[in-house]
Trainee: 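To start, I am sharing the structure in question, which I have written as structure tokens.
Along the sequence shown, residues carry numbers from 1. All values below were derived from every heavy atom in this structure, side-chain atoms included, with hydrogens, water molecules and symmetry-related copies excluded. Model, not experiment: these values are computed from the prediction.
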Amino acid sequence: MGDVLAHESELLGLVKEYLDFAEFEDTLKAFSKECKTKGKPLCETAGGSPRDSRPLVVQKDLVAAFDGGDQKAFFRSWEEHVPRTLRDGDPLAQRLEFYLHIHFAIYLLKFSAGRPDKQELDERISYFKTYLETKGAALSQTTEFLPFYALPFVPNPMVHPSFKELFQDSWTPDLKLKLEKFLALVFKANNTPKLLTICKENGQSNKEMLQQLHQRLVEAERRSMTYLKRYNKIQADYHNLIGVTAELVDSLEATVSGKMASTMLRASLAPGKLKDVPLLPSLDYEKLKKDLIWGSDRLKAFLLQALRWRLTTSHPGEQRETVLQAYISNDLLDCHSHSQRSVLQLLWSKSEVVRQYTARLINALASLAEGRLYLAQDTTVLRMLEGRLKDEDKDVVTRENVLGALQKFSLRRPLQTAMIRDGLIFWLIDILKEPDCLSDYTLEYSVALLMNLCLRSAGKNMCAKVAGLALKVLSDLLGHENHEIQPYVNGALYSILSLPSIREEARAMGMEDILRCFVKEGSAETVRQIEFIIKQLNSEELLDGVLESDDDEDEDDDEDHDTMEADLDKDELIQPQLGELSGEKLLTTEYLGIMTNTGKSRRKALAGVQWSADEPLRRPVTPGGHRTGCPA
């Protein structure tokens, strides 16, 4: 009861404020009269009367200052009447404030009748620079705003391609409309009864919390799959290390006993033969392919899933090589078939699950050097994947796997040439204009594919046709929050800047100033790579010293590292029902074949060229192989 009495005045004030807002005039009179009769004090709330005209005057003054370019009056009123908690904590308010600072910084350039007063212009630019270094620094890692951090350093922003949209006729009216809507919401919120606000915020906060928790759960599941794969690999290495350690201890004990231990030590230190892993049973591939073409969509999906799992979960070494060789020798995907109906055509199935699982299987095969060799015998598979990539707009995972396969294809020079001729560079640049709309996998593999294609002289010449756009997209990606893409962005920039025409375009857009922004905040490795890029930008050479030739199209992979990334098996769409077979059990129960497994000697790994981490990448790589520390 004591707590109620302590807050009684405030509670009665909240009721009075709501009755006034809702215009319950008779009720309000009776309520006020009874409170007075009983000696109950009414606390005045901070909301004020909804009929208060002062907010309208403030709104009018702010809009007038915006129109007249009166920077000081605007921000003085802005900081006085827009709550600090809103300005510092609301992303919408922060974005709007950033663009308002840009508006006042370029106001004289846009609206001066003649040549703008240099002193006043310098003062405005200096004010904007101070904002970027203080409060605006919080947005420096956001792709949307990153190009504008170079604005104070560009001599003539009006002709700079990165700031073209600022000087369009529609930009200022659009910003003014956003300002008016924001002010209307702010002052309306200030006049809303506190009682109503408490009710609304309680329900909304619960809904937002549920959404955030769901998003965090999805992210946690994705990360857990990646960590599980890494854990299994580390555990296997650990057991191998324990075995070697035990043999070394035995050897040392033998030495103490006076026995000859040199041979034992050599045997311990030599690569020991791992525990024998049994080969998987052979399958009836004719029956398998028949059901993949003519079976129900559900059966097709389970078969594609099982065949992929057989590859991705197999033990690296003889077991995996035997599975892969069986797929290749039996032409599992009908890559060499000229029939009207083939397994490859499942990429165009009406079933979303079948399309996705076909793409996943192709991506898994492309993860292995021998699998790429099988898929790349001609350009049939490549053309089908390119078509699927450009047409797939419903299923994100399907597009990820198609893109992943194409990126791994780009390790082979003949396929690089075909992709460049097909204009894939233009598609990549277009999709990378909005990187925040892409999944991490799509972003990483898109940038890595773009870099691999840009390493070729034909690819650089393609970029030269859209030099301004290519440079803007790559410079925007330099500041993206996903740091995994950094090596590929640096490699692509370094590569295309070997062309004089692209260097000239980059200088015109103030590329060096943009690059210098990243030298201040990047890691030591990134800073060194940026310095290489700046050196390339300022070079006067007509040809790049390591320019890739377009000859020798029959050259093999530039790298021979096999990588099965965890994403191949993420977010499975189908689950077996009671009594339904799936995975290896489905294959060995319904499709067991005559034992034909034979070992095959592994192709000797090529001696790849090792590049210093200090320099931008100059050889084709794939994100999976590059992350595990095995660059080509």
Trainee: Output the distance between atom CD (Gln305) and atom CD (Glu572), rounded to the nearest 0.5 Å.
Mentor: 4.5 Å
Trainee: In this structure, is the centre-to-centre distance between the rings of Tyr445 and Tyr488 below 6.0 Å?
Mentor: no
Trainee: Donor-acceptor pair, distance only, cut-off 3.5 Å: does the side chain of Arg308 make one with the backbone of Leu568?
Mentor: yes
Trainee: Say whether, by atom type as modelled, one donor and one acceptor occur between the side chain of Thr322 and the main chain of Glu318 under 3.5 angstrom.
Mentor: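 It does hold such a pair.
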Trainee: Quiz question: by atom type and distance under 3.5 Å, do the side chains of Ser498 and Gln536 form a donor-acceptor pair?
Mentor: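 On atom types as modelled, these side chains do not qualify, holding no pair under 3.5 Å.
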Trainee: I'd like to know if the side chain of Thr417 pairs up with that of Arg456 as donor and acceptor (distance under 3.5 Å, no hydrogens or angles considered).
Mentor: yes
Trainee: Determine the minimum heavy-atom distance between Gly371 and Leu324, stating which atoms define it.
Mentor: N-CD2, 3.9 Å
Trainee: Is Lys472 salt-bridged to Glu505, going by a charged N under 4.0 Å from an acidic O?
Mentor: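 Judged by the 4.0 Å cut-off on N to carboxylate O distance, Lys472 and Glu505 do not form a salt bridge.
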Trainee: With no hydrogens and no angle check, do the side chains of Ser410 and Gln416 hold a donor and an acceptor under 3.5 Å apart?
Mentor: no
Trainee: Sort and list the pairs that fulfil ring-ring contact (aromatic ring centres under 6.0 Å, His included) and have at least one residue in residues 364-385, not counting sequence neighbours.
Mentor: His336-Tyr374
Trainee: Does Pro623 reach the side chain of Glu484, with side-chain heavy atoms less than 4.5 Å apart?
Mentor: no
Trainee: Return each pair, listed once, that meets salt bridge (Lys or Arg N to Asp or Glu O under 4.0 Å) where at least one residue sits in residues 422-439; pairs must be two or more places apart or across chains.
Mentor: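 Those involving residues 422-439 are Arg383-Asp422, Asp430-Lys433.
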Trainee: Using the six-membered ring of Trp348, assess whether NZ or CZ of Arg388 lies under 6.0 Å from its centre and within 45 degrees of the ring axis.
Mentor: yes
